[in-house]
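Data block below; observations after.
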Amino acid sequence: MTAAVPVAVEAGSGARLGLQLRRAGLRLVLGRGFERALDEFGASQWLPADVVRERQWTRLREVVSTAYGLSSLYRERLDEAGWPAMTPETFRRLRPLDRGDLERLSHELARRRAAGLWRTSGGTGGSAVTVSFDRRAYGWYVAGTSRGLGWWGVDLSRRGVLLLGRSARSPLTAAAAWVKDWAMNWRRIPVDVSFDAHLSAVIERIDAWQPAFLYGYPSAVFPLARLLRERRAEMKRPPLVVVLTGEPVYAFQRETIEAAFGCRVAREYGSGELGCVAFECPAGRLHVNAETVLLERNANGEGGGAGRLLATHLRNATFPLIRYDTGDLGTVETVPCACGRSLPVVDVAGRARERTARAGGETPPDGLFGALPERLRGRVQVAYEAPGVLTLRVEGGAGPELDAVADAGRQAVGPGWRVRACAVGRLGRLSSGKLPYVVDGSR
């Protein structure tokens with residue numbers, strides 16, 4: 001028996017017709033397979049860890065078989081790994097998929113694009129490469145988000161506000177995105193280069209909509225929370241949860257957002273290429289959506305700490321991604337969780353290029369940001385200029401404030417570093433709408 005598509009109940013004389021139209025729109029965009037995905041997500045989260053791994057391996061062999069028939073790139077690498085007699089051990093020796101490989105795959109699979117819903121990779125990962133999802137795969141992606149929201153008491157179709165960048169889309173997929181947002185009862189507020197100049201208007205729009213959840217970049221939600229606290233204002237109806245995605249979540253952001261919006265913060269880890277990879281449970285662990293993604297730490301030459309995170313999408317037959325290098329560092333393990341779920345847990349340590357920029361020196365951004373005067377939190381960007389050289393870019397800073405920021409930086413990184421602070425007019429957002437607080441300043 002399949003689960004019914006979740007639909008929020010709204011007041012008003014036209015509520016019944018509106019809900020019927022939303023249900024039809026949701027099925028139009030995601031297909032009936034979405035309901036089956038919801039069923040599996042609901043049941044499989046409680047399975048023992050060994051059963052989860054066994055199901056992943058079965059699904060992985062199906063994906064690999066499909067990829068072998070579609071791409072010469074995959075045929076070359078899978079032959080090296082001994083396909084079809086491949087084992088979990090030989091699979092882990094398969095060469096990871098890098099950015100250049102993704103571009104080659106995009107050309108090889110060009111004829112299959114018509115079957116996909118276009119999604120572009122995140123701007124922070126390099127040049128944009130388009131990865132397509134068919135309706136079935138996209139339904140699995142949304143079902144993973146639905147389960148994560150459910151952990152926080154939020155039905156998928158309750159009112160939501162999305163604070164995300166506006167990526168380029170074709171007219172067809174832009175229309176599909178609008179139908180999906182309407183069907184799900186969501187309002188999308190684009191985060192672009194002008195977002196920070198209109199924070200008051202954004203707060204008014206959110207307050208008028210009274211969403212059950214906010215979903216967006218930490219660097220977009222944080223300035224709204226800061227403004228609310230500065231005004232000592234409160235939302236008319238606090239959301240049940242604020243979901244932060246697309247960027248690292250720092251302690252100062254979480255504390256301010258939770259205080260301003262009067263609810264808990266949950267992290268989501270994902271990307272445009274992979275969809276929702278992991279969601280934070282109320283016990284504080286970031287659980288991998290094992291039904292859709294096999295996430296592993298590439299241990300080759302990495303020692304026992306954080307390694308590069310490699311992802312294999314288990315549901316996208318249109319554009320298979322096998323051992324795709326996400327560009328992130330972290331660990332993946334199966335550990336007991338107070339929530340009772342045996343899903344793998346990922347701990348994301350940050351972007352790999354940030355470690356390269358640090359040139360052998362590790363610095364704790366949380367400690368540095370936490371040591372800043374409260375007014376400057378979220379207004380300082382850490383730039384690694386060269387080995388042992390750190391520049392702190394301070395938005396609107398001057399005089400004694402710059403000295404205080406430089407002192408905080410020296411205390412955070414310790415001796416052996418040359419630290420300076422400089423004033424900038426405004427920390428600029430990327431074209432994706434994201435605002436990185438840690439960058440490679442040598443570029």
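Atom set for the values below is all heavy atoms of this structure, side chains included, hydrogens, waters and symmetry mates excluded.
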Whether [X] side chain and [Y] backbone form a donor-acceptor pair below 3.5 Å:
X	Y	value
Y215	T245	no
R393	V380	no
R377	L372	yes
Q45	R341	no
K434	G246	yes
R93	A81	no
D347	V332	no
T292	N289	yes
Y74	I322	yes
E247	S219	yes

Heavy-atom closest contact ([X] atom, [Y] atom, distance):
X	Y	answer
T318	D134	OG1-OD2, 3.3 Å
V241	A266	CG2-CB, 4.0 Å
V265	W152	O-CH2, 4.1 Å
L105	P320	CD1-O, 3.9 Å
I206	V161	CG1-CG1, 4.1 Å
A290	L314	O-CD1, 3.6 Å

### Task
Enumerate the residue pairs fulfilling salt bridge (Lys or Arg N to Asp or Glu O under 4.0 Å) with a member in residues 201-210, sequence neighbours excluded, ordered by first and then second residue.
none

#### Entry: Qualifying salt bridge (Lys or Arg N to Asp or Glu O under 4.0 Å) pairs with a residue from residues 80-89, counting only residues at least two apart or across chains
E80-R95, E89-R92

So, do [X] and [Y] sit near enough that their side-chain heavy atoms are less than 4.5 Å apart?
X	Y	value
R187	D181	no
L78	V64	yes
L294	F91	yes
R229	E374	yes
L321	L102	yes
S146	L38	yes
V439	Q381	yes
L274	T326	yes

### Message
Holding to side-chain contact (heavy atoms from CB on, under 4.5 Å), I want the full list of residues that pass it with D101, two or more places apart in sequence or in another chain.
### Response
L73, R77, L97, D98

### Task
Go through L163 and Y217 one step at a time and tell me if the side-chain contact (heavy atoms from CB on, under 4.5 Å) criterion holds.
CA-CA 7 Å; L163 297 169; Y217 301 146; over 6 Å; no

### Task
Take L156 and V142 through the side-chain contact (heavy atoms from CB on, under 4.5 Å) test and state the conclusion after the steps.
CA-CA 9 Å; L156 178 69; V142 178; 4.0 Å; yes

### Task
Kindly state whether the ring of F133 and the ring of H313 have centres lying under 6.0 angstrom apart.
yes

### Message
One pair to check against side-chain contact (heavy atoms from CB on, under 4.5 Å): F319 and S106. What are the steps and the verdict?
### Response
CA-CA 8 Å; F319 197 117; S106 183; 4.3 Å; yes

#### Entry: Audit row: S71, R104, side-chain hydrogen bond (donor to acceptor under 3.5 Å, both in side chains) steps and yes/no
CA-CA 9 Å; S71 163; R104 176 179 166 184; 5.9 Å; no

### Query
side-chain contact (heavy atoms from CB on, under 4.5 Å) between N298 and D325: does it pass, once the steps are laid out?
CA-CA 9 Å; N298 187 13; D325 188 339; over 6 Å; no

### Query
Parallel, tilted or perpendicular: which describes the rings of F213 and W186, with under 30° parallel and over 60° perpendicular?
perpendicular

### Task
Can you tell me which residue pairs pass the side chain to side chain donor-acceptor pair (under 3.5 Å) test with a partner in residues 50-60, sequence neighbours excluded?
R59-E62

### Sequence-distant partners of R136, salt bridge (charged side-chain N to carboxylate O under 4.0 Å, His left out), two or more places apart
none

If the threshold is 4.0 Å, N to carboxylate O, is there a salt bridge linking [X] and [Y]?
X	Y	answer
D196	R429	yes
R254	E280	yes
R315	E291	no

### Task
Before giving the answer on side-chain hydrogen bond (donor to acceptor under 3.5 Å, both in side chains), spell out for D79 and Y68 the whole-Å C-alpha distance, their side-chain angles and the decisive distance to 0.1 Å.
CA-CA 9 Å; D79 285 340; Y68 192 92; 2.8 Å; yes

### Query
So which pairs with a foot in residues 252-288 pass ring-ring contact (aromatic ring centres under 6.0 Å, His included), sequence neighbours left out?
W151-H287, F222-F252, F252-F369

### Message
Would you say CZ of R75 has more than 12 non-hydrogen atoms from neighbouring residues, nucleotides or ligands within 6.0 angstrom?
### Response
yes

### Task
Check whether NZ of the Lys or CZ of the Arg R159 lies under 6.0 Å from the centre of the six-membered ring of W209 and within 45 degrees of that ring's axis.
yes

